[in-house]
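Being a predicted model, the structure only gives us computed values, none of them experimental. Labels below follow one simple rule: chain letters A, B, ... track the order of the sequence lines, proteins then strands, and each chain is numbered from 1.
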Number of protein chains: 2
Amino acid sequence: MLSIVKKLERPSRLSAIDWEIGALDMIAEQGVGAVAVESLARRLGVTKGSFYWHFATREALLKAALERWERDDEQNVLGPVEPIADPRERLRELFRRTSREIKSHVIYSALMGALEHAQVAPLMRRVGQRRMDFLTIAYRQAGMERSQAVHRARLAYSAYVGFLQLSLQLIVPRMDHAQYESYVEHTIASLIPD
Amino acid sequence: MLSIVKKLERPSRLSAIDWEIGALDMIAEQGVGAVAVESLARRLGVTKGSFYWHFATREALLKAALERWERDDEQNVLGPVEPIADPRERLRELFRRTSREIKSHVIYSALMGALEHAQVAPLMRRVGQRRMDFLTIAYRQAGMERSQAVHRARLAYSAYVGFLQLSLQLIVPRMDHAQYESYVEHTIASLIPD
DNA sequence: CGCTGTCAATACGCGCGCGTATGGAAAGTG
DNA sequence: CACTTTCCATACGCGCGCGTATTGACAGCG
């Protein structure tokens, strides 16, 4: 009975996956720099001794966590809207879904603030390239000329990155729900041709 | 004669200002985290002993350097275009000047990647507020409705922040000069009403 | 020309976070 | 119920960067 309670608090014994998820949580909340093995261990209710059984080094954990995020992110963000046939509708839906602040975007933003890490930069280049390609193709299909489509994709992606940074880091005052919705519709109207 | 040569290499004796400028250089090149007193001392050709005569602590140097940047930035970025009467022209000129990658923007981008520092966050909020106000006013004067002007200002500022991040950190492939000019004109056309 | 104030070098202590070593507990296995 | 495997705790060493203490060099001034 006591053991059952304890099991609800914490799986009593951890796997590598638990550490990876914990690392991603810390990244989302306090950035990559906050992923320290001892603090993360405290968070999970164990000590370092556990960590170094599952991972050889802190970098190995980071690697595993980032790979996990990259997989999840790909099928959380672009995946759901990819099947939409109409390019404008596909873009609108992407914008709206993105605006509903999924955790993946919070982590993305945190990672943008940690590009000095050797692990993070190439990852973000891959993700950026995929998203830029996705946007460019959609804009082309929507009738824009090649160079214009590339420019617009870059502009839209810049607006995405900048907005995340400004909002999540509270550089700019927080909007209420109605304002937020209104802003999203404004960007859709401004960045998607009609 | 030898002394003259040495004086050209380095002012032979430093002032607090030299350290502040050195700190800003390091921030621009490698981020806030790279501002370490010993490495910065090496860069200036002296040792720690010098630093702690000019500053009580590393935080004090950061504070001074950031204040210096905030002053310079204000009169480098918004200052020159503020007198332009026509709001659209004022915005266009701001966009074009901003695109000519002044050092101030490089530092701005580096600081955006260091918001976890207690010193940086409030500074960036102040700077962000000033720029958002500037943009909002210009858009209103250009004839946009209140809420639309705020939205557009936010969108433009997001695009600015995101573009800096993506370009400077090489997340997105580098453009050649012609492409770059073309992109700037595309954003001007997309974000400034006619 | 000596004295004082300014800037710098050297040596040291300290805290923090990574990684190691080693022993112990709990869960599966025959 | 032995015995092995899996997971975890404790204690320790180490490097790095901040900050301090102390002494030294050099310029300007009286």
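In this structure, A:Arg131 is positioned above the aromatic face of A:Tyr108, its NZ or CZ under 6.0 Å from the six-membered ring centre and within 45° of the axis.
When distances run from any side-chain atom of B:Thr47 to the nucleotides D:dG17, D:dA9, C:dT10, the shortest one goes to C:dT10. In this structure, of C:dA8, D:dC18, D:dC8, it is D:dC18 that holds the atom nearest to the side chain of B:Arg58. Of the candidates D:dC18, C:dA8, C:dG17, C:dA8 carries the atom nearest the B:Ser50 side chain, counting heavy atoms from C-beta on. Comparing C:dG17, C:dA27, D:dC18 by their nearest atom to the side chain of A:Arg13 picks out C:dA27. In this structure, the nucleotide among C:dA8, C:dC18, D:dA9 sitting nearest to the side chain of A:Val46 is D:dA9.
Each of A:Leu166, A:Val172, A:Leu170 was scored for a side-chain contact (heavy atoms from CB on, under 4.5 Å) with B:Arg125, with one residue passing: A:Leu170.
Each of B:Trp53 and A:Ala36 lies near DNA chain C, and the nucleotide nearest B:Trp53 is the one positioned closer to the 5' end.
The two residues A:Tyr183 and B:Leu155 have their closest heavy-atom pair at OH-CA, 3.6 Å.
Between the CZ atom of B:Phe51 and the C1' atom of C:dC7 there is a distance of 14 Å, given to the nearest Å.
Donor-acceptor pairing under 3.5 Å is recorded for the side chains of A:Asp73 and A:Ser104.
The phosphate of C:dA8 has OP1 or OP2 within less than 4.0 Å of a side-chain N or O from B:His54.
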